Structures are given as structure tokens and as C-alpha cells.
Amino acid sequence: MAESATQQRTGANVAEYTVSELASAIKRALEDGFGFVRLRGEISGFRGTHSSGHCYFALKDDKAKIEAVIWRTTWQRLKVKPEEGMEVVAQGRITTYPNSSKYQIVIESLEPAGIGALMAVLEERKRKLAAEGLFDEDRKRPLPFLPRVVGIITSPTGAVIRDMLHGFDERFPVYVLVWPVRVQGETCSAEIAAAIRGFNALPAGGPVPRPDVLIVARGGGSLEDLWGFNHEGVVRAAAESEIPLISAVGHETDWTLIDLAADARAPTPTKAAEWAVPKHSELVEGTATLALRLASSMRRVLEGARTHLKAAARGLPRREDLLALPRQRFDSVEQRLGRALLANTRAHAMRHARVSSRLQPRLLEARLNRCRDRLEALSRHSRDALSRLAGARRSRFERTAGRLGIEAVRSRVDRGRERLASCGLRAEQAFRSRVAHERARLSGLSKLLLSLSYQGVLERGFALVRDAEGHTIRSVAAVGLGTDIQVELADGCIDADVRDVRTTRGPSRPTVSSIVDPAQVRQPRRKRNPPQGGQGSLF
């Protein structure tokens, strides 16, 4: 009896199973115990069919959740396809999935049972906020063309922020501010709303730059995972934002209420980064295109003005036609001028004769006496005025002479000499700094040119093949037998002719047989030597 009790305590009589045997036993017990069931619940986590054609999601109610699977053959004959949040009645078999130790229902048929609880709340909240005008299109602002600062509201540890920063680096690097928040959970909605209002509260020109555009981003997830972005507080914060806001929540098939209140809705966070900033290469290309259009427009305007000027010049009358009438008038006036001079001379002679009869010496003497008296009075006045002016100037000169001294002039000359020496030293330092800066810039450009030159590829053992006209040969289809070709290597060029051509579609690699004359080997036509020691000349 004691030995039996000991064996029971140690489990020596208990049957031993392997993990696979136990999983199979549980699977048989579950399938035999329930078999074919009819189950009502709300679809959660539906993301469409898998690449294999099967479909995986979950059925849940307010207290429990069970995994569900629809095989590809069953999916093809379903009349009602499952959707996220749909309440359905499913019929199928209860079974287990031993690899993850969970039970599931294999659905054989599916029919709708009404809209899910979360979808009902979501639709009711959507109708309420839409009635207040938070989703109106006229409230939405255009996104800035080239923002200087971009604010991102997302989790700092997820892959979303890395993808967005990579997108900014590829298109147009900008200053990015990240406001870390939780994108799932109970505090998710409060943190997102606070982040949106916090960015809007930043003053312009403050120590923390105010963003020109905001992006609220999160990766994909189920309706429950994205529920924080459907919160009324988050939607109102997005609608009240003075900064243009881009919503990038979930994948392209997901939607939340913040998408409707935002100024723009991006299908993915990476696409939101592309919408926020333009592409640098496109800006450069557009600027070049506008410059070409400006140059061609200026040429057309100048050509039009030149043509108009030539046409106007052809319409002007000749110089002889313009001077014909004035010349005729001048000849007519010249004939009348002689007669007019004779008549004028006679009239003045008669007037002089009449006046001379009234002239007497006494009148001239009286006028001379008056002029003499007036001249003496003016002489006295000028003498007195000169005396007064000379006295005033003499007094002023004496006062000024007392204030003048050689020490003041010497001090001013010394200050000027010191200032001149300081300016010369600063000019020399500035010149040396500018020369060093330009030398470093030239060295960097020369290294960049050397790295981008095709001679570097030739140095690694490659060759550049051209035809007789100097065009680059990119395919064996461009040459035929007997074609003259040039093969440029790193240390010279080889003139050759094609004896045989084989493509990569055959059993062997493409080869070109040629006969090379040693006299035909020459140095390459172009080769640039980099500056020694990375130093270049500014001039």
C-alpha cells in the first residue's frame, strides 16, 4: 500500500505523451466534442486574402475572441465576403492549430448578422462631427509648397519614423521635429491631441521652430488598434489646427475619423513624407525649364522689337523730303532779307537825325555830374562796409588761431595711421581666409570630378568600346563582322576590327576577336590628372 501511494505521488503510472501526441489528442477531443457549430460575432483584424488564397481573421464579442480561417476553396464560393467590423453568423468546424497551441474555427459558410458595435459607434460619431462641419472641404488648407520645418506625431521606436526620415533624405532634406506619442492604447488619443495643440502653441521665431506642416503617422492595424485616432478629442484637435495637417494612419485600405478632419489624407506614412516636401531633382529640372523658356521668350521679344523697328524705319520719309519745304522757305526769306535790311537802315537813320537835333553839351555835363556824385557815394559806402567786414573777419581769425595747435593734428594723424594698419591686417587675414576656403572648395570639386570620371572605371580593368565614328558601342547587335572599333583602356587605346561576334544567348559569353598592331596602340584622348596633394589654385 505504501509503495502504491508513492507511485501515485510521483506520477509513475501517468501515461507519457510527446508534444505532438498531446496536441493531436486535444485536437481530436475538441473536434469530437463540438464538431460543426454556428457562431455569431464581430469580424476583427481582417486584411483581405493571404498570398496563398486563404483568409485569416478573428471573431469576437464584448468578452472573448476566437481565431477564424477561410480556406481558398471556401472563399471562392462565399456569396458574402467578410469585412472589418461586420457582425456575422459563421458556420464551421472547431479545430486547433498545434504549431501555436490555439483553437480556431474553420468557416464553411458566412452570412451577415448586423453591423458591429464598434462600427455603429464609429458611424454615429462620424455623423455627429460631420453635422458640426468638421469634415467640410472648404475648411481644409492647402499644404505649403516648400516647408522649412516638418512636425511628425508618431511613435519614435517604430519603423514608420525611419521610413519617413528616409523619404525626406531622398526627396528634400528638411528640419524635422518629432513629438513622441503612443499610437495604441488608452492614453493614445490624449497624447495625440496634446501633441497637435502643442505644435500649434509654439511661437513663431521662438527657440523651438514652429512647423510649417504636421504629419500624424502610424502603421497598419486592426480597427481596435486604430481606435485612438477615431477619438472625438483627436478629431477636434486636428480640425482646430492652424498648421496644415496630413493624416497618414494605417494602410491605404484603413480609414479613421482623423483622415476626414485633416487637410490631406496620405495612404501610407511614406507617401505623407513625399507629399510634405517636393523632390529636389524636380525643382532643379523645373527651374532649368523655366530658365530656357525665359531665354526663348526674351529672344522672341527682341526679334519682334527688331522686326517692328525695321518696319517703322521703312515707313519714315526720306531726309530730302523732310528738308525740301524748309529749304524752299529759306530761299524765299533770303530774297526778302536784303530789302528788309535796307529799309531798316533808312528808318534808323531818320530816327538818329531827329534825335541828334535835340542833343546839347549841357545835357551830357549834367548827366556826368550826377554819375560822379553817385560814384563818390558808392565809394564811401563800400569803404565803410569793407572796414566793418575786415574787422569782423580779423576778430574771427584771431579766435580761431587761438584754438589751433599742432598737437591736435598730430593726434588725429596717429589715430588714422593706427586705423589704417588695423584695416590692412584685417584685409590680409580676410584674403588668406578666402583663399583657403576657395582652395578647399576647389580640392573638393576636383575629388568629386575624379570620382565621377569614367577613367576611374577604366582603372579597375574595364574598357570603353567605340565605333569608327567615335560613338559608344553598348550592344553586340550594333557591330558586324569586319567593323573597325576602338578599345580604350586605362593606359591607352587599341584600334581593332571584329572577326567574330557571339551573344550571351549562346552557350558562351560574348567575344570579339581582333588583330592588333602594336603601332596602333596609343594613349587615350582625354585624361585629367587630379591636383597634387588636394591643392588647387584660386586664380
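Quick caveat, the model's predicted, so the values are computed rather than measured. Note: hydrogens, waters and symmetry copies are ignored here, and every other heavy atom, side chains too, is used.
- Partners of Arg346 by side chain to side chain donor-acceptor pair (under 3.5 Å), not counting sequence neighbours: none found.
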Query - Working for side-chain contact (heavy atoms from CB on, under 4.5 Å), residues Lys310 and Thr307 - result: CA-CA 5 Å; Lys310 291 180 180 179; Thr307 304; 5.8 Å; no
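- Shown here are the ring-ring contact (aromatic ring centres under 6.0 Å, His included) partners of Phe135, two or more places apart in sequence or in another chain: there are none.
- Side-chain contact between Leu464 and Leu458 is present, with heavy atoms from C-beta onward closer than 4.5 Å.
- Proximity of a side-chain donor or acceptor of Thr268 to a complementary backbone N or O of Lys271 within less than 3.5 Å is detected.
- Salt-bridge formation is not detected for the pair Glu242/Arg141: no Lys NZ or Arg NE/NH1/NH2 atom is positioned less than 4.0 Å from an Asp or Glu carboxylate oxygen.
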Requested in this report: Assess whether salt bridge (Lys or Arg N to Asp or Glu O under 4.0 Å) is satisfied between Glu232 and Arg236, documenting all intermediate values.
Outcome: CA-CA 6 Å; Glu232 184 174 344; Arg236 294 188 182 278; 2.8 Å; yes
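- Asp169 is linked by a side-chain contact (heavy atoms from CB on, under 4.5 Å) to nothing, counting only residues two or more places apart in sequence or in another chain.
- Sequence neighbours left out, the pairs with a member in residues 270-298 that pass ring pair (Phe, Tyr, Trp, His ring centres under 6.0 Å) are Phe172-His280.
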Which donor-acceptor pairs under 3.5 Å do side chains of residues 425-432 form with protein atoms, sequence neighbours excluded?
unit_1, atom_1, unit_2, atom_2, d
Glu428, OE2, Arg432, NH2, 2.4

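- Pairs of residues two or more places apart, or lying in two chains, never qualify as ring pair (Phe, Tyr, Trp, His ring centres under 6.0 Å) while including a residue from residues 342-396.
- In this structure a side-chain-to-backbone donor-acceptor pair under 3.5 Å is missing from Thr483 to Val479.
- For Lys126, there are no side chain to side chain donor-acceptor pair (under 3.5 Å) partners, not counting sequence neighbours.
- Arg210 contributes a side-chain N or O that, together with a main-chain N or O of Leu202, makes up a donor-acceptor pair within less than 3.5 Å.
- A side chain to side chain contact (heavy atoms under 4.5 Å, CB included) with Arg415 is found for one member of Arg412, Arg419, Arg417 and no other, namely Arg412.
- Under a 3.5 Å cut-off, the side chain of Asp136 and the backbone N or O of Arg139 do not form any donor-acceptor pair.
- The environment of CZ in Arg125 is crowded: more than 12 heavy-atom neighbours from other residues, nucleotides or ligands sit within 6.0 Å.
- In this structure, a donor-acceptor pair under 3.5 Å is present between the side chains of Ser247 and Asp259.
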Table please: side-chain donor-acceptor pairs of residues 366-378 below 3.5 Å, with sequence neighbours left out.
unit_1, atom_1, unit_2, atom_2, d
Asn369, OD1, Arg372, NH1, 2.8
Asn369, ND2, Glu365, O, 3.2

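- Partners of Arg299 under the side-chain contact (heavy atoms from CB on, under 4.5 Å) rule, at least two apart in sequence or in another chain, are Ala295, Ser296.
- Taking every heavy atom of both residues into account, Ile215 and Ala276 meet most closely at CD1-CB, 4.0 Å.
- In terms of modelled atom types and a separation under 3.5 Å, the side chain of Ser453 and the main chain of Leu449 share no donor-acceptor contact.
- In this structure, the side-chain contact (heavy atoms from CB on, under 4.5 Å) partners of Asp212, at least two apart in sequence or on a different chain, are Pro144, Pro147, Arg148.
- With sequence neighbours excluded, the residues satisfying side chain to side chain donor-acceptor pair (under 3.5 Å) with Ser297 are Arg300.
- In this structure, a donor-acceptor pair under 3.5 Å is present between the side chains of Thr157 and Ser155.
- Remark: Arg441 engages Glu438, Leu445 in a side-chain contact (heavy atoms from CB on, under 4.5 Å) (not counting sequence neighbours).
- Ser241 contributes no side-chain N or O that, together with a main-chain N or O of Ala238, makes up a donor-acceptor pair within less than 3.5 Å.
- Checked by atom type and distance alone, the side chain of Gln486 never pairs as donor or acceptor with a backbone atom of Asp495 at under 3.5 Å.
- In this structure a side-chain-to-backbone donor-acceptor pair under 3.5 Å is missing from Arg218 to Thr154.
- Checked by atom type and distance alone, the side chain of Arg171 pairs as donor or acceptor with a backbone atom of Val277 at under 3.5 Å.
- Ionic pairing of Glu274 and Lys279 is not present here: no N-O contact between side-chain nitrogen and carboxylate oxygen is shorter than 4.0 angstrom.
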